[in-house]
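Read the structure below first, then the notes.
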Amino acid sequence: VQLQAYGGGLVQTGGSLRLSCAPSGFSLDYFAIGWFRQAPGKEREGTSCISSNGGSTYYVDSVKGRFTISRDNAKNTVYLQINSLKPEDTAVYYCAATRACHFYSGIGLRARDFGSWGQGTQVTVSS
């Protein structure tokens with residue numbers, strides 16, 4: 001079972017994108033979902049996480065105010081709205097599932113806490 005991220009593309013600096021995350025073969029209802037990104041030559045970075053009922057959201061400091069994570073359990077989909085895009089946001093974006101969002105001091109989201117990784121979606125921001 002995997003989560004598929006889609007909705008990426010090529011945008012100019014300052015533009016916006018909404019990414020979507022949908023599962024194949026299971027319901028997201030009981031899972032917290034995190035969005036990660038990986039730029040070329042860099043480690044995978046967790047950007048945000050949303051609890052299973054959508055009542056709690058978490059963001060890494062570098063994206064606060066620009067990224068908004070949300071979910072529609074009726075549509076079995078999680079979203080990531082990205083505004084004011086910067087060239088440094090260029091990366092492959094992935095979504096993944098976990099039991100509950102947990103931010104570790106000095107680390108943030110830990111990728112190994114998450115599963116059901118699928119293919120990501122490429123976001124490229126031109127300057």
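Only this structure's heavy atoms are used, side chains among them; waters, hydrogens and symmetry mates stay out. Residue numbers run from 1 in the order of the sequence given.
- Taken to the nearest 0.5 Å, the OH atom of Y93 stands 14.5 Å off from the OG atom of S20.
- Aromatic ring centres of F26 and F31: separated by under 6.0 Å.
- In this structure, F36 and F114 have side chains that are in contact, with non-hydrogen atoms separated by less than 4.5 Å.
- Remark: R18 qualifies as a cation-pi partner of Y79 under the 6.0 Å distance and 45° angle criteria applied to the six-membered ring.
- Between E45 and S62, the shortest heavy-atom distance links the atoms OE2-OG, 3.7 Å.
- Residues Y6 and A22 come closest through the heavy atom pair CE2-CB, 4.2 Å.
- Aromatic ring orientation, Y58 versus F103: tilted (interplanar angle from 30° to 60°).
- Heavy-atom minimum distance, C101 versus I50: SG-N, 3.4 Å.
- Side-chain N or O atoms of S84 include none that pairs as donor or acceptor with a backbone N or O of G14 at under 3.5 Å.
- Side chain of Q38 to backbone of A91: no donor-acceptor contact under 3.5 angstrom is found.
- V125 and T90 make their closest contact through N-OG1, 2.9 Å (heavy atoms, listed as atom of the first residue, atom of the second, distance).
- A 4.5 Å side-chain heavy-atom check between I33 and L3 finds at least one atom pair inside the cut-off.
- Taking CD from Q4 and CH2 from W117, the interatomic distance works out to 13.5 Å, rounded to the nearest 0.5 Å.
- Within 6.0 Å of CD in Q122 there are more than 12 heavy atoms belonging to other residues, nucleotides or ligands.
- No side-chain donor-acceptor contact under 3.5 Å links R37 to the backbone of V123.
- Distance OG1/T13 to CD/E88: 8.0 Å, rounded to 0.5 Å.
- A donor-acceptor pair under 3.5 Å is absent between the side-chain atoms of S127 and the main chain of P87, judged by distance alone.
- Looking only at distances, a side-chain donor or acceptor of N73 sits under 3.5 Å from a matching main-chain atom of S52.
- When all heavy atoms of G25 and V1 are compared, the closest pair comes out as O-CG1, 4.1 Å.
- A distance-only check finds no donor-acceptor pair linking the side chain of N83 to the backbone of S16 [under 3.5 Å].
- Between the OG atom in S51 and the CZ atom in R71 there is a gap of 7.0 Å [rounded to 0.5 Å].
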Decide side chain to side chain contact (heavy atoms under 4.5 Å, CB included) for L109 and V60; before the verdict, give the C-alpha distance in whole Å, the side-chain angles of both, and the deciding distance to 0.1 Å.
CA-CA 8 Å; L109 293 175; V60 68; over 6 Å; no

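- A side-chain donor-acceptor contact under 3.5 Å links S24 to the backbone of Q2.
- Between F67 and W35, the ring centre distance reaches or exceeds 6.0 Å.
- Scanning all heavy atoms of the two residues, the minimum distance from R66 to D89 falls at NH1-OD2, 2.7 Å.
- To the nearest 0.5 Å, atom CG of residue L19 and atom CD1 of residue I82 are 4.5 Å apart.
- Side-chain atoms of R110 never come within 3.5 Å of backbone atoms of H102 as a donor-acceptor pair (strictly under, hydrogens ignored).
- Side-chain contact between T47 and I69 is absent, with no heavy-atom pair separated by less than 4.5 Å.
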Starting from the C-alpha separation in whole Å, work towards a yes-or-no answer on side chain to side chain contact (heavy atoms under 4.5 Å, CB included) for L80 and S48.
CA-CA 9 Å; L80 185 68; S48 52; 3.5 Å; yes

